[in-house]
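A quick write-up on the structure given underneath.
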Protein chains: 4
Amino acid sequence: MTLPQPRRLPVQARARATFEAILEASARVLVERGYDAASTNRVAEVAGVSIGTLYQYFPNKEALFVALIERHFDEQVELLQRMVGSLIDAPLAEAVRAYVGALFEAHANDKAFHDAILQQVTHLGLPAITRVHMVSRQIVQVYLEAHRERLRITDTALAAFVLVSAVEGIVHTLMFAPERPELDALSDEVSLMVLRYLVGGDDAG
Amino acid sequence: MTLPQPRRLPVQARARATFEAILEASARVLVERGYDAASTNRVAEVAGVSIGTLYQYFPNKEALFVALIERHFDEQVELLQRMVGSLIDAPLAEAVRAYVGALFEAHANDKAFHDAILQQVTHLGLPAITRVHMVSRQIVQVYLEAHRERLRITDTALAAFVLVSAVEGIVHTLMFAPERPELDALSDEVSLMVLRYLVGGDDAG
Amino acid sequence: MTLPQPRRLPVQARARATFEAILEASARVLVERGYDAASTNRVAEVAGVSIGTLYQYFPNKEALFVALIERHFDEQVELLQRMVGSLIDAPLAEAVRAYVGALFEAHANDKAFHDAILQQVTHLGLPAITRVHMVSRQIVQVYLEAHRERLRITDTALAAFVLVSAVEGIVHTLMFAPERPELDALSDEVSLMVLRYLVGGDDAG
Amino acid sequence: MTLPQPRRLPVQARARATFEAILEASARVLVERGYDAASTNRVAEVAGVSIGTLYQYFPNKEALFVALIERHFDEQVELLQRMVGSLIDAPLAEAVRAYVGALFEAHANDKAFHDAILQQVTHLGLPAITRVHMVSRQIVQVYLEAHRERLRITDTALAAFVLVSAVEGIVHTLMFAPERPELDALSDEVSLMVLRYLVGGDDAG
DNA sequence: AATGAATGAGGGTTCATTCAT
DNA sequence: TATGAATGAACCCTCATTCAT
């Protein structure tokens with residue numbers, strides 16, 4: 001009955017699959033070789049696709065990896081946004097711990113991939129990274145606003161900037177540190193710092 | 001009788017000058033083109049030196065830029081170490097403000113150069129960056145130890161890690177943020193966070 | 001009973017339109033990009049047709065442009081042939097002027113297109129160009145034969161060769177000359193040369 | 001005694017030889033393959049030189065062939081200029097015959113090379129070709145001026161334009177004509193046309 | 001200590017062409 | 001008739017590096 005549609009769908013499905021295969025291969029090759037040595041020919045080979053096909057989807061090497069990075073951080077943003085709902089009504093200490101823990105975890109997964117991005121293609125990823133930053137700050141700020149009367153801060157936007165930057169800085173440092181502190185202790189200490197900053201120290205554990 | 005030395009000195013002086021010229025050129029080219037496009041031939045050209053000469057001083061491209069980055073961060077370390085003497089006896093609030101301010105300033109100078117390093121050759125700079133981190137932590141830890149009884153922290157090493165990472169994270173974010181907070185306010189807020197973390201918030205302004 | 005034809009005709013009409021669209025697009029792309037950069041993919045795009053369709057009408061890129069050029073020169077030949085009737089009985093001076101003028105005009109139109117052909121795909125156009133030459137010579141020779149007794153030439157074929165080549169050479173030079181003589185004066189001078197050559201100069205103006 | 005100079009000369013001599021080898025190879029490959037198929041890699045191979053070396057002398061493929069063509073036509077110009085001295089005082093008929101003959105000959109030599117240039121890279125050669133044209137016209141005009149009182153032309157610049165374009169047009173046509181007239185007869189006829197044009201026909205043979 | 005001509009692997013990219021739909 | 005995803009040979013060109021001078 002409704003035959004015509006399927007007839008065209010396979011074509012699009014194939015294209016979609018090809019596109020995905022190329023992106024996946026890009027990630028693999030980026031991790032295994034680094035950006036410079038990650039040749040488009042190698043990516044195409046790993047993707048099981050001809051080099052010409054790759055260039056039908058991406059105008060050049062940079063665009064390929066930009067797409068990869070953008071998608072990666074878009075996923076991060078989605079994750080963050082899904083987290084916000086469950087945290088908004090949680091007690092302060094719990095929320096802080098959850099947030100800090102989530103960031104630690106997020107970076108622990110795909111460490112190799114993250115490394116590659118942050119070490120070698122920061123410039124390609126900047127817009128996406130910036131996006132994540134801004135979303136994070138918005139989320140944190142919304143939380144701060146909601147709990148304002150219980151906090152000893154005045155400018156929630158500024159506080160959000162400080163908090164997100166500080167915590168991400170710690171996570172970032174952690175990734176590249178040769179000798180790293182014990183994770184749980186660190187996580188606790190970071191949470192402590194955040195809490196003291198927000199409530200003035202006495203109420204914090 | 002003391003002829004040999006002069007005879008040799010000009011030679012070494014010339015060599016030294018050549019070496020410097022190459023390093024300087026590297027920095028210029030790195031900023032103007034980025035790492036990938038910064039060819040050794042171009043560096044030699046800018047340095048006013050033949051490509052052969054460049055390779056007499058550096059075994060390969062990477063070594064050239066590693067040397068550049070190492071020197072840069074070594075200077076940073078020296079700066080930090082010179083700072084420590086004048087801070088060790090300063091009151092807490094003052095010391096914190098001085099430290100935070102110094103970091104903000106350091107990164108503000110040579111922003112383009114810093115950008116290039118952090119965006120494109122993080123992997124080459126990692127050892128040097130790590131060194132700066134460790135020295136920073138040591139300095140901070142020494143300070144914390146010296147003021148231990150007045151602070152509400154237990155593990156000074158851990159606290160040093162948290163503080164340095166956090167503050168540097170903020171500075172780092174600042175460098176790439178499209179819309180950045182007003183600098184003085186931010187500096188104050190960061191100092192506030194540090195102080196509250198260290199003394200428990202009530203005593204901090 | 002005459003259903004089949006209509007049923008088929010639209011189809012052929014569409015095919016014809018497609019064919020035309022491709023040829024037109026070829027000309028456009030040839031002018032805008034030059035032969036080498038004129039990719040078949042681009043031609044198809046400009047024609048509003050898929051690349052597969054293009055290859056249903058032309059076996060390869062060369063054939064496409066050969067067809068374009070052939071058609072162009074075929075039109076030129078037709079034009080020449082239509083001219084001959086009205087000139088055969090005209091007085092010498094008038095015929096010469098008409099002929100020279102016609103050539104000047106023909107090349108003035110579609111100058112960009114002509115340029116492209118003559119500068120970049122002479123090799124593809126050679127057969128067609130040669131055809132135009134030969135037809136031109138036949139036409140001229142017929143005229144010379146008809147007026148033989150009034151002319152001071154012996155070998156009309158040779159004279160036709162000389163005349164056609166010379167006049168076309170002038171027009172050709174004109175197309176690429178950076179600083180070109182005033183057209184009317186040139187046209188007169190060329191006519192003068194032709195007339196003197198044919199009748200000996202004294203009778204010519 | 002004067003040793004230093006030779007020590008450096010070999011270096012330059014080598015470079016010079018390399019340059020020449022590449023240009024020669026370009027000509028060979030152009031004739032054997034045509035412009036499009038004349039890959040820079042092939043040229044380097046024929047020159048017995050690495051591809052990198054080729055690109056040390058020429059920024060790109062086009063520049064390579066432009067250099068080749070420019071040099072070729074520069075030689076033509078020199079040839080023409082050397083011819084002018086011996087012709088300025090010669091009798092009209094003789095001068096015309098010498099000039100026409102010289103052009104016929106010039107194009108007969110290196111026909112294959114000329115073909116390649118005129119059929120495939122006219123656009124690269126245009127500036128050079130134009131230069132030859134202009135020099136030719138100047139030479140002819142100088143001659144016409146010198147013999148002005150004996151000639152029945154008014155505007156020598158215009159006449160020079162007409163003559164040079166016409167004769168070169170004929171030679172050009174000749175090169176690509178499938179069935180060409182007997183050369184001596186043609187040469188005579190062309191000379192006849194020129195003479196009749198210049199002196200009015202009666203005095204010409 | 002310095003030169004710079006020469007190398008050549010390897011890169012990114014294009015584009016004419018095919019063929020399953 | 002028409003589509004357009006896929007192909008892959010082949011191209012131009014760069015650049016880190018060497019080495020004879």
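Heavy atoms only: backbone and side chains are in, while hydrogens, waters and symmetry mates are out. Lettering of chains follows the sequences in order, A, B, ..., and the numbering in each one begins at 1.
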Handout entry: Side chain D:Asn41 and base F:dA10 donor-acceptor under 3.5 Å
Key = no
Exercise for the section: With the side chain of C:Tyr55 defined as its heavy atoms from C-beta on, choose the nearest nucleotide among E:dT14, E:dT18, E:dA6. Expected result: E:dT18
Exercise for the section: Nearest whole angstrom, please: distance from the C1' of E:dT13 to the CD of A:Glu62. Expected result: 15 Å
Handout entry: Output field: ring centroids A:Tyr35/B:Tyr35 closer than 6.0 Å
Key = no
Fill in the blank from the handout: Of A:Gly52 and C:Val49, the one whose closest nucleotide on DNA chain F sits nearer the 5' end is C:Val49
Handout entry: Validation row: A:Thr18, A:Leu54 side chains within 4.5 angstrom (heavy atoms)
Key = no
Problem - side-chain contact (heavy atoms from CB on, under 4.5 Å), paired with D:Leu124, selected from D:Leu68, D:Ile69, D:Ile129 - result: D:Ile69
Practice task
Kindly point out which of F:dG8, E:dA16, E:dA1 is positioned nearest to the side chain of A:Ser50?
Solution key: F:dG8
Problem - Interatomic distance, D:Arg16 CZ vs E:dG4 P [rounded to whole Å] - result: 18 Å
Practice task
Please work out if B:Asn60 contacts a base, only the sugar-phosphate, or nothing of the nucleic acid, heavy-atom cut-off 4.0 Å.
Solution key: sugar-phosphate
Exercise for the section: Please determine if a side-chain N or O atom of B:Thr18 lies less than 4.0 Å away from the OP1 or OP2 oxygen of E:dA1. Expected result: no
Practice task
For B:Arg28, look at atom CZ and say whether over 12 heavy atoms of other residues, nucleotides or ligands are found less than 6.0 Å away.
Solution key: no
Problem - Length of the OH-P vector between D:Tyr57 and F:dC13, whole Å - result: 18 Å
Practice task
For D:Phe58, report the nucleic acid contact type (base, sugar-phosphate, nothing); a contact means any heavy atom under 4.0 Å.
Solution key: nothing
Practice task
With the side chain of D:Ile51 defined as its heavy atoms from C-beta on, choose the nearest nucleotide among F:dA5, E:dT14, E:dA9.
Solution key: E:dA9
Handout entry: Nucleotide forming a Watson-Crick or wobble pair with F:dT21, both distances under 3.5 Å
Key = E:dA2
Practice task
Calculate the interatomic distance between A:Glu20 atom CD and F:dA6 atom P; express it in whole Å.
Solution key: 13 Å
Exercise for the section: Using a heavy-atom cut-off of under 4.0 Å over every strand shown, decide if B:Ser39 touches base, sugar-phosphate, or nothing. Expected result: sugar-phosphate
Exercise for the section: Check whether any side-chain heavy atom of B:Phe65 sits under 4.5 Å from a side-chain heavy atom of B:Val121, and report yes or no. Expected result: no
Exercise for the section: Find which nucleotide of DNA chain F each of D:Asp36 and B:Ala37 is nearest to by heavy atoms, and output the residue with the more 5' nucleotide. Expected result: D:Asp36
Fill in the blank from the handout: note: B:Leu64, atom CG; F:dC15, atom C1'; distance rounded to Å ~ 14 Å
Problem - D:Thr53 vs E:dA5: side-chain N/O to OP1/OP2 distance below 4.0 Å - result: no
Practice task
Mind checking B:Phe19 for me? I need base, sugar-phosphate or nothing, with any heavy atom below 4.0 Å counting as a touch.
Solution key: nothing
Exercise for the section: Taking the side chain as every heavy atom from C-beta outward, state whether A:Val66 and A:Phe58 have any atom pair closer than 4.5 Å. Expected result: no
Exercise for the section: State which of F:dT3, F:dA16, E:dT7 makes the closest approach to the side chain of B:Lys61. Expected result: F:dA16
Practice task
Determine: side-chain N/O of C:Thr40 to OP1/OP2 of E:dC15, distance under 4.0 Å, yes or no.
Solution key: no
Exercise for the section: Starting from P on F:dT18, measure out to CD on D:Gln56 and report it in whole angstrom. Expected result: 16 Å
Practice task
Rounded off to whole Å, could you give me the CG-to-C1' distance for the A:Leu54 and E:dC15 pair?
Solution key: 15 Å
Problem - Short side-chain N/O contact from B:Arg14 to OP1 or OP2 of E:dA2, under 4.0 Å - result: yes
Fill in the blank from the handout: note: A:Glu45, atom CD; E:dG12, atom P; distance rounded to Å ~ 13 Å
